[in-house]
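Note on naming: letters A, B, ... go to the chains in the order of the sequence lines (proteins, then strands), and numbering restarts at 1 for each one.
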Number of protein chains: 2
Amino acid sequence: MSRTAPRGPYKPGRIRQKSEQRILSAATAAFAQHGFTGASMQSIADAASVPKANVHYYFKNKLGVYTAVLENILGLWDTVLNDLTINDDPAIALCRYIDAKIDFSRTHPEESRVFAKEMLSGAPHLQEFLEADYGQWLDARLTIFRAWIDAGKMDAIDPAHLLFMIWGSTQHYADFAPQVKQSLHAEILQQAHFDAAAKTVKQVILKGCGLAIASP
Amino acid sequence: MSRTAPRGPYKPGRIRQKSEQRILSAATAAFAQHGFTGASMQSIADAASVPKANVHYYFKNKLGVYTAVLENILGLWDTVLNDLTINDDPAIALCRYIDAKIDFSRTHPEESRVFAKEMLSGAPHLQEFLEADYGQWLDARLTIFRAWIDAGKMDAIDPAHLLFMIWGSTQHYADFAPQVKQSLHAEILQQAHFDAAAKTVKQVILKGCGLAIASP
DNA sequence: GTCTATATTCTGATAGAC
DNA sequence: GTCTATCAGAATATAGAC
């Protein structure tokens, strides 16, 4: 009864893709909790249900796994970084952005933590990214903020520091989850907690910028 | 010419105290950059200029060093957590608190990073702290905020989430320093950068809470 | 492509001389 | 109290059978 013939339409690399995805997912969780050195290849392989040697076969070495995880996270970021324009209403644009950031902390907490740990370590593997893609994205946003301010659409607030406030406030719910849980007396953070978080952040940021809440 | 006699008034434990301090300082930097597993006892000993065996002599094992670092950080926190009272003016109290938090990020970035990494790892060594000291401190603050709101001194804003905003915004300058440096085109963060940060955070938070800036 | 067995290096920890 | 020498264990990585 044992059959070695391929079942279903065979696509080369299908197993590979599936295995790589499982390894990537397991590695993200491991790096988030234990850090780069603390996460062992054995634990990653076990969590992904593949032999340890296969992890080396797919990603060459530990650094290969880690950079793959980081690149995957940077890819996810692109989906969050919506493209604002000068013609957008600042209140609506900021609300959308804050909502998206809070939602990212809810749906991808482990990715947020890996990114945060890399930053805390001095971001040695994100230098190119920070100097290239990120620098461009940031400068474009700062220009839009300044245009809004010059047009009198919002208060004169340092755009870079304002962005830091939004990032820090929203990422806090993924990165400092133990403290947040303890503060809210919650075993795990529910949708309602993130809704309350988004509401408060939007409320304070918008009014703090001299903007009216767009829609409740 | 070699002398083995003690020079100066001999105090038992003087060398010990000095060595422990050096080890603690070196360990803080190592844990901040490389995490618990990534920081080796050898590197800590080298940075502290003591033989590796002495680190074990003073702190028993690696976990002993780490918990000593954490306890030292929690001690530093106490100095930042000023005691607000219901009779304080919310604007002045919040300004003081934000200034103190930003100053902590400037003067103790590595301590902030060790604390952040512990949080990102799930805070396994901070459970008692979170449930005891921190819980009490937080509940007292929340009560004060609610009293301010009930007295009409500030807008009705969820106090816990407001505190998260302040923490996230201020700690960001220590924890995400690489990103901040890149954004501000600064090789290292100067006093002026932190002044601008504090100004923006106070500006947005206070106005966002319906408060007038206390003093420029 | 998959997996077992092994080589090599490094780390935490300690024994024991001084 | 201080430090050198060393041990036991674990981790990354690879060789090679299947």
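When atom types are taken as modelled, the side chain of A:Asn61 and the backbone of A:Gly64 share a donor-acceptor pair closer than 3.5 angstrom.
Comparing atom distances between the A:Ala53 side chain and each of D:dA15, C:dT11, C:dT2 picks out D:dA15 as nearest.
Side-chain N/O atoms of A:Ser43 and A:Ser40 include a donor and acceptor closer than 3.5 Å.
Residues of residues 44-52 of chain B having a heavy atom closer than 4.0 Å to DNA chain D, listed by number: B:Pro51. Contacts of residues 61-72 of chain A with DNA chain D (heavy atom under 4.0 Å): A:Asn61, A:Lys62.
The separation between A:His34 atom NE2 and D:dT12 atom P is 13 Å, rounded to whole Å. D:dC3 atom P lies 13 Å from atom CD of B:Gln42, rounded to whole Å. In this structure, A:Lys18 atom NZ and C:dT2 atom C1' are separated by 17 Å, rounded to whole Å. As a whole-Å value, the separation of A:Tyr57 OH from C:dA5 P is 21 Å. Between the CE atom of A:Met41 and the C1' atom of D:dT12 there is a distance of 7 Å, given to the nearest Å. As rounded to whole Å, 13 Å separates atom P of D:dT2 from atom CD of B:Gln17. Rounded to a whole Å, the CZ atom of A:Arg16 is 8 Å from the P atom of C:dT2. Atom P of nucleotide C:dA13 and atom CZ of B:Phe59 are separated by 14 Å, given to the nearest angstrom.
Bending across the helix from C:dG1-D:dC18 to C:dC18-D:dG1, expressed as the angle between its end axes from five pairs apiece, amounts to 0° (10° rounding).
Considering only side-chain N and O atoms, A:His56 lies nowhere under 4.0 angstrom from the phosphate OP1 or OP2 of D:dT14.
When heavy atoms are screened at a 4.0 angstrom cut-off, A:Tyr58 is found touching the sugar-phosphate backbone but no base atom.
Classified by interplanar angle (parallel below 30°, tilted 30° to 60°, perpendicular above 60°), the ring pair B:His125/B:Tyr66 is perpendicular. Between B:Phe129 and B:Tyr134, the ring planes lie tilted relative to each other; the angle falls in the 30° to 60° range.
In this structure, the separation between CZ on B:Arg146 and CD1 on B:Ile149 is 8.0 Å, given to the nearest 0.5 Å.
A heavy-atom distance below 4.5 Å is found between the side chains of A:Ser121 and B:Lys117. Counting heavy atoms from C-beta on, the side chains of B:Trp148 and B:Asp88 come closer than 4.5 Å. Side chains of A:Leu162 and A:Cys209 form a contact here, defined as non-hydrogen atoms less than 4.5 Å apart. The shortest side-chain heavy-atom distance between A:Phe31 and A:Ile44 falls under the 4.5 Å cut-off.
The residues B:Arg106 and B:Asp103 are annotated as salt-bridged, a charged nitrogen and a carboxylate oxygen being separated by less than 4.0 angstrom.
In this structure, B:Tyr173 has its ring center closer than 6.0 angstrom to the ring center of A:His161.
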